[in-house]
2 protein chains.
Amino acid sequence: MGEPTRLKMIAERLNLSESTISRALNDYKDISAETKTAVRKMAEQLDYEPNIHAKRLASGKSETVGYVMPIQSNQITGQFINELMAGIAKALGKYGWDLCVIAPQTPEEEIRIFEKIARTRYISGLVITRTLSDDHRFALLKRLGVPFVSHGRSSDSKESAWLDADNELAFFEMTTHFVKLGHKHIAHIGGPKDYNFARQRKNGWLRGLKSSGIKVPLNYEEITELTFDGGKEAMQRLLEAEVPPSAVCCISDVVAIGAMQALREKGIRPGQEVSIIGYDGLELGAWLDPPLTTMHQPLKSAGEKLAQMLLNIVESGSLPLNNQELVRASLVRRETANAPLSTWPPIRKDSGKP
Amino acid sequence: MGEPTRLKMIAERLNLSESTISRALNDYKDISAETKTAVRKMAEQLDYEPNIHAKRLASGKSETVGYVMPIQSNQITGQFINELMAGIAKALGKYGWDLCVIAPQTPEEEIRIFEKIARTRYISGLVITRTLSDDHRFALLKRLGVPFVSHGRSSDSKESAWLDADNELAFFEMTTHFVKLGHKHIAHIGGPKDYNFARQRKNGWLRGLKSSGIKVPLNYEEITELTFDGGKEAMQRLLEAEVPPSAVCCISDVVAIGAMQALREKGIRPGQEVSIIGYDGLELGAWLDPPLTTMHQPLKSAGEKLAQMLLNIVESGSLPLNNQELVRASLVRRETANAPLSTWPPIRKDSGKP
DNA sequence: CAAATAACCGAAAGCGTTTTCGGTTGACTC
DNA sequence: GAGTCAACCGAAAACGCTTTCGGTTATTTG
């Protein structure tokens, strides 16, 4: 209650000048060890917290990072964003930095906000997510000179800082997992090529097939929107193939859930005739019948890493391209990925050759 | 690019003093209309943005509201939080205010953070969600004198500001919806009494039964954790009732999904033998088979309203208790709530009387 | 032992606003 | 025509910190 502690009070209590207190607390090297400890002790005792506005004004640093919310969070991107934000906020908090939410309503507004940030510098750096394969934000932020880190890569991210799942590896492992279970007819439901991760995941699937010496027909690759309906329709098309697949690598859990629905509607049992693996590790996948096997990447620690990267860049002058990291996703074994049935796919004389 | 515009530059351009510019921009009444327009025009022209740190230091206002993230977002609270935050950020942005994320890791840390906020005042006000029936945060924040608004009520929220769904009404309407469809055996899967909304929803169900002259056995009320498994187990218990229900009002979508699973495992079809309505309006409910009927409340506009309330209180000195609002949830008709079958519940001579 | 060098601290000038307090005009009263 | 009162504006003091620049001691150096 009452007046908060100020630098001045500590100075008076210790018979020192304000500037000495300031430098002591900021660990300047021209302050003796004894006074430093004395100052720190007194500051602790008086519950001192620096006035951030004064601090930021005087130092010219804002100590604030902005998180750009995806413009239309149409997907169940929900939990994803929350955990990431919690991780970022946690890591920043250790350094007294703040995390501010930026919620542009339109792409145009997003650009205006970025320009304003560049002009005013009231945000030290940005975290962006939901990156596209060809994402204009990378070039824009680079041009504006706004420090940023992204969750996810892009065609423009060669020199920028990012943290991303190793999508290629994940889908390689997903595919070889199917192979180990005995599958030979392994399809892929992918996403629009606009999304960088869509391309990477497709490549992982292809490499998995190749390294196992498996060949599949061209129409084993489906491309769809990242929605329930998209997955459902893609699966319907896959089932019309001459030799329908016995295993499907789905680009996301939501798509996988749609695919499962398509199977059920044809009387085909997910995890029996046709095995399915999704991606995202959504909790709700466990609530399905049968529970969806998927791949999961740690999100909260990802947030913390992103924050650390941004701090490196803004504070320590670390180069963005020295802050790039690939994280490995792990398989979450539930019940939709099993060995193939001997009765599926329906055998014909020309099976398996594209 | 280059130096940002300062008050000083505008003053020089117009041959006025800095203080005049400041007051002109802040619409002081001792500035003539002509100079005001001249100043505004020049400010616009020079892309002037006030230095928020200087502004906040000088004015002693921080113009920042904090959003307290739920400590453990164990549920699919995901989309919920995101939309709310986006709404808050949007509304605050109009006034130049910021939204800061506060992510305490433990309840103890939450208290420490609140105390720090009270001490330093670097956060003008807080938004809290996931309120409990008996939530210590209300008393704490009131005692600390930190302005706040909550999404959801509590036993302590008589005099505080809040926005909440009319849970009672929603479950009343849910129940009478079942009645209109012809149901007489309407059960309720509720949540722990710690949650205020759990009590309200239960009361709505009871009122719905009463106003329709329907009596149900005592064991038609189940209490469970707000999880998939909780819903599943509760439904299993309901099915063991002497006369199993033909309709179930579920406290949340997640619980409803668990209940559906319990039905399927017994060979009972959701929406046929037993109708189900959930609550939350989760998108994923539409992906189920059959799609879950539920109730939905607008979230983004809720965020905007919460922000507006906080602004009222902090800026205009509006009393918290004058900022309370109940919003009505609406039914999302999907496929799990239909007329009862004549073959269900299995008729016995002592049916329907508790 | 003078001179150079650390080591340590205080003074003071900012940082860019807001806001109070006078002061200067001109118009208006009686 | 002296006094009153608006209407408008400038001066200047905050707000609480950072950071540079000297200056004073104590310590080392040649």
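Reminder, nothing fancy here: chain letters follow the sequence lines and each chain counts from 1. What you see is a predicted model; the values in this text were computed from it and never measured.
- Taking atom CG on A/L7 and atom C1' on D/dC15, their separation rounds to 13 Å, with Å as the unit.
- No donor-acceptor pair closer than 3.5 Å links the side chain of A/S316 to the backbone N or O of A/I313.
- Considering all non-hydrogen atoms of both residues, A/I88 and A/G303 come closest at CG1-O, 3.4 Å.
- The stretch residues 38-62 of chain A touches DNA chain C through A/L57, A/A58, each having a heavy atom within less than 4.0 Å of the strand.
- Here B/R6 does not pair with B/E18 in a salt bridge; the nearest charged N to carboxylate O distance is not below 4.0 Å.
- Positionally, the nearest nucleotide of DNA chain D for B/L16 lies more toward the 5' end than for the other of A/T20 and B/L16.
- For DNA chain C, the span of nucleotides reached by chain B at under 4.0 Å from its heavy atoms goes, 5' to 3', from C/dG16 to C/dT19.
- B/R56 has a carboxylate O that lies under 4.0 Å from a charged side-chain N of B/D98, or vice versa, which qualifies the two as a salt bridge.
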B/D166 vs B/R328, salt bridge (Lys or Arg N to Asp or Glu O under 4.0 Å): CA-CA, chis, key distance, verdict: CA-CA 5 Å; B/D166 194 337; B/R328 183 173 187 152; over 6 Å; no
Candidate pair A/Y95 and A/Q308, rule side-chain contact (heavy atoms from CB on, under 4.5 Å), full reasoning: CA-CA 10 Å; A/Y95 300 89; A/Q308 193 57 57; 3.4 Å; yes
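- Within 6.0 Å of the NZ atom in A/K36, the count of heavy atoms belonging to other residues, nucleotides or ligands exceeds 12.
- For the atom pair CD1 of B/I10 and CZ of B/R40, the computed distance is 12.0 Å after rounding to the nearest 0.5 Å.
- Defined by atom type and a distance below 3.5 Å, a donor-acceptor pair is missing between the side-chain atoms of B/S318 and B/N312.
- Contacts of residues 22-33 of chain B with DNA chain C (heavy atom under 4.0 Å): B/S22, B/R23, B/N26, B/Y28.
- Side-chain atoms of B/S19 and B/S22 include no donor-acceptor pair closer than 3.5 Å.
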